[in-house]
Protein chains: 2
Amino acid sequence: MKEILRAHIEEIVQLTDDEFARVLPHFIPKTFKKHQIVVHQDDLVKYNFFILKGLMKSARITSDGKEHIMQFAMENWWITDLEAFHNGTNSKFTIDCLEDTTTYVITLESKLKLCQELPKMEHFFHVKTTAGYIALQKRVLCFISSKAQDRYHNLLEQDPMLIQRVPKVMIASFLGVSRETLSRFTP
Amino acid sequence: MKEILRAHIEEIVQLTDDEFARVLPHFIPKTFKKHQIVVHQDDLVKYNFFILKGLMKSARITSDGKEHIMQFAMENWWITDLEAFHNGTNSKFTIDCLEDTTTYVITLESKLKLCQELPKMEHFFHVKTTAGYIALQKRVLCFISSKAQDRYHNLLEQDPMLIQRVPKVMIASFLGVSRETLSRFTP
DNA sequence: GGAAATACAGGACAATTGTCACAGATATGA
DNA sequence: TCATATCTGTGACAATTGTCCTGTATTTCC
């Protein structure tokens, strides 16, 4: 539990027992059930979620009533609407659980305070955000340079487990194609 | 010149004269001519570029010989291949100048040292990376939820000046559509 | 266990986009 | 200034993808 969080942070920055003791109180453990919604589209976003076990997704419903999946997050990943979380604006996305999920969550206030108290932690979050930036950039590159079929095969290589844990409708939504089109690639 | 850099940083964190005097030496002024290449695809990436004046782009040539534009960067924007810059790997992109361009550049070593010396600067870069993450997320959302025409009109609203400074072939490449398709939207 | 919801595949047709070819307009550089 | 790139628009056709539909497993939940 707390060991997982510590190990996750220490992949980036080393912490003394004392330092980790100051970090931990900022994180609140929360568990959710499958199908439970943790952020509603157009609502405020209280938390950034670190997933210990389980699977969540963030998705936007557009005016035509269709759901577009922005992100999946599994064990050791973070998920939130980063823009809304940081700016205190309304969420562009709904975030919900595809499986029963246990998390640590942190508020913006806690995060800012933690970063001021412990510059190491600002470095940690900075590195994490950079990794997210790089992942998004790869996804954009896929969109501008590959056709749907190649994007699917690319995802298969990149995240083979995801395909198994998530129904294909959602994979299609994540890739920006219709379910039927995705079907054409997978005999 | 240095005033622009300082103002840019102070949009995020306040600096004393003394602090800025410690920041400035880490930045190297460099000027480039139109069409000049500052990062070659598959080479190492020495710098992160902060643009004082001018316009650059980063783009990847895929195996079919086509150029796919990842990013444009104008005044007060940063540009580099962030993944290659941070990991010391080979660049996925070529970065070149669409206009004569004057910049401040910073090496990874300087950036890391600066962040250690002045936690404020780590916060500054963290905020900048977060902004980049949010921008990329919007772009991904466009790809999964809009058709080409809507993506174009969205870009028109978002960055009207860009359309004027950049040929449409490149706008098309940035949007991930052919030049001819883009032509169909612009009567 | 059984009803209801969800997941998946496939066919037929329409809409969107890519490709190729050609032509005129504009910018660029010696 | 003039020759040469580069940029842009357009039409015809092919390829890709979306939409609507039907039918069948499979899962979920009381």
Side-chain angles (χ1 to χ4, degrees), chain A residues 32-37 54-55 57 59 61-69 72 94 96-101 140 142-156 161-187, chain B residues 32-37 54-55 57 59 61-69 72 94 96-101 140 142-156 161-187:
Chain A
F32 306 100
K33 295 231 152 258
K34 184 170 178 173
H35 293 136
Q36 194 170 345
I37 294 177
L55 180 52
K57 74 169 205 291
I61 311 277
T62 42
S63 50
D64 56 2
K66 292 188 181 162
E67 180 188 62
H68 306 279
I69 297 180
F72 296 107
T94 293
D96 64 354
C97 302
L98 303 182
E99 303 172 359
D100 292 353
T101 303
V140 169
C142 267
F143 277 112
I144 61 182
S145 68
S146 322
K147 35 194 59 181
Q149 183 159 10
D150 298 331
R151 296 208 298 279
Y152 173 67
H153 286 121
N154 188 60
L155 183 64
L156 258 182
M161 5 256 184
L162 191 67
I163 316 281
Q164 319 221 321
R165 283 170 87 173
V166 169
K168 300 205 174 175
V169 211
M170 295 189 188
I171 300 292
S173 168
F174 181 78
L175 290 172
V177 298
S178 69
R179 183 186 60 74
E180 292 90 337
T181 296
L182 189 64
S183 243
R184 294 177 180 124
F185 309 148
T186 76
Chain B
F32 305 101
K33 293 230 154 261
K34 184 171 179 173
H35 292 136
Q36 192 169 348
I37 295 177
L55 181 52
K57 73 168 204 293
I61 311 277
T62 41
S63 49
D64 56 0
K66 292 188 180 162
E67 180 188 62
H68 306 279
I69 296 180
F72 295 107
T94 293
D96 64 354
C97 302
L98 303 182
E99 303 173 358
D100 291 353
T101 302
V140 168
C142 267
F143 276 112
I144 61 181
S145 67
S146 321
K147 35 192 61 181
Q149 183 160 9
D150 298 331
R151 295 207 299 277
Y152 173 67
H153 286 121
N154 188 60
L155 183 65
L156 258 182
M161 5 256 183
L162 192 66
I163 316 281
Q164 319 220 321
R165 283 170 86 172
V166 168
K168 299 203 174 174
V169 210
M170 294 188 188
I171 300 291
S173 168
F174 181 78
L175 290 172
V177 299
S178 68
R179 181 185 62 76
E180 292 90 338
T181 296
L182 188 65
S183 241
R184 294 178 179 122
F185 308 148
T186 73

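Letters A, B, ... are given to chains in the order of the sequence lines, protein chains preceding strands, and every chain is numbered from 1. As a basis for the values below, the full set of heavy atoms in this structure was taken, side chains included, without hydrogen atoms, waters or symmetry mates.
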At what distance, to the nearest 0.5 angstrom, does CZ of B:Phe143 lie from CG of A:Leu175? 13.5 Å

Starting from P on C:dT16, measure out to CZ on B:Arg179 and report it in whole angstrom. 21 Å

Within this structure, what is the CD-to-C1' distance between B:Glu67 and D:dT6, rounded to whole angstrom? 14 Å

Rounding to a whole Å, what distance do you find between B:Ile171:CD1 and D:dC7:P? 12 Å

Counting side-chain heavy atoms from CB outward, which of D:dC7, C:dG10, C:dA12 is closest to A:Glu180? C:dG10

Classify the side chain of A:Arg184 and the base of D:dG18 as holding, or not holding, a donor-acceptor pair under 3.5 Å. yes

How many angstroms lie between OG in A:Ser178 and CZ in A:Arg184, if you round to the nearest 0.5 Å? 6.0 Å

So if I take every side-chain heavy atom of A:Val177 and compare against D:dT19, D:dG18, C:dA9, which nucleotide ends up nearest? D:dG18

Aromatic rings A:Phe174 and A:Phe72: how do their planes relate, parallel, tilted or perpendicular, breaks at 30° and 60°? tilted

Output the single nucleotide from D:dT17, D:dT28, D:dA12 whose closest atom is nearest the side chain of A:Lys34. D:dT28

Just the rounded figure in Å: distance from P of C:dT6 to CZ of A:Arg165. 21 Å

Report yes if some heavy atom in the side chain of A:Tyr152 is under 4.5 Å from a heavy atom in the side chain of A:Ile163; otherwise report no. yes

Out of B:Lys33, B:Arg165, B:His35, B:Lys34, which residue meets the side chain to side chain donor-acceptor pair (under 3.5 Å) rule with B:Glu99? B:Arg165

Within residues 147-156 of chain A, residues whose heavy atoms come under 4.0 Å of DNA chain D: A:Lys147, A:Ala148

Length of the line joining A:Glu99:CD and D:dT27:P, which is rounded to integer Å: 15 Å

D:dT6 phosphate, OP1 or OP2: any side-chain N/O from B:Lys168 under 4.0 angstrom? no

Any side-chain N or O of A:Thr186 under 4.0 Å from OP1/OP2 of C:dC8? no

Closest heavy-atom pair, A:Phe32 versus A:Cys97, reported as atoms and distance to 0.1 Å, is CB-SG, 3.5 Å

Please give, in whole Å, the distance from C:dG18 P to B:Leu182 CG? 10 Å

Among B:Gln149, B:Lys168, B:Arg151, find the residue that satisfies the side-chain contact (heavy atoms from CB on, under 4.5 Å) test when tested with B:Leu182. B:Lys168

If I take atom CG in residue A:Leu98 and atom P in nucleotide C:dT6, what distance separates them, rounded to the nearest angstrom? 14 Å

Shortest side-chain distance from A:Ser183, nucleotide among D:dT8, C:dA9, C:dT19: C:dA9

Distance in angstrom units between B:His68 NE2 and C:dG18 P, rounded: 11 Å

So, OP1 or OP2 of D:dT17: does either fall under 4.0 Å of a side-chain N or O from A:Thr181? no

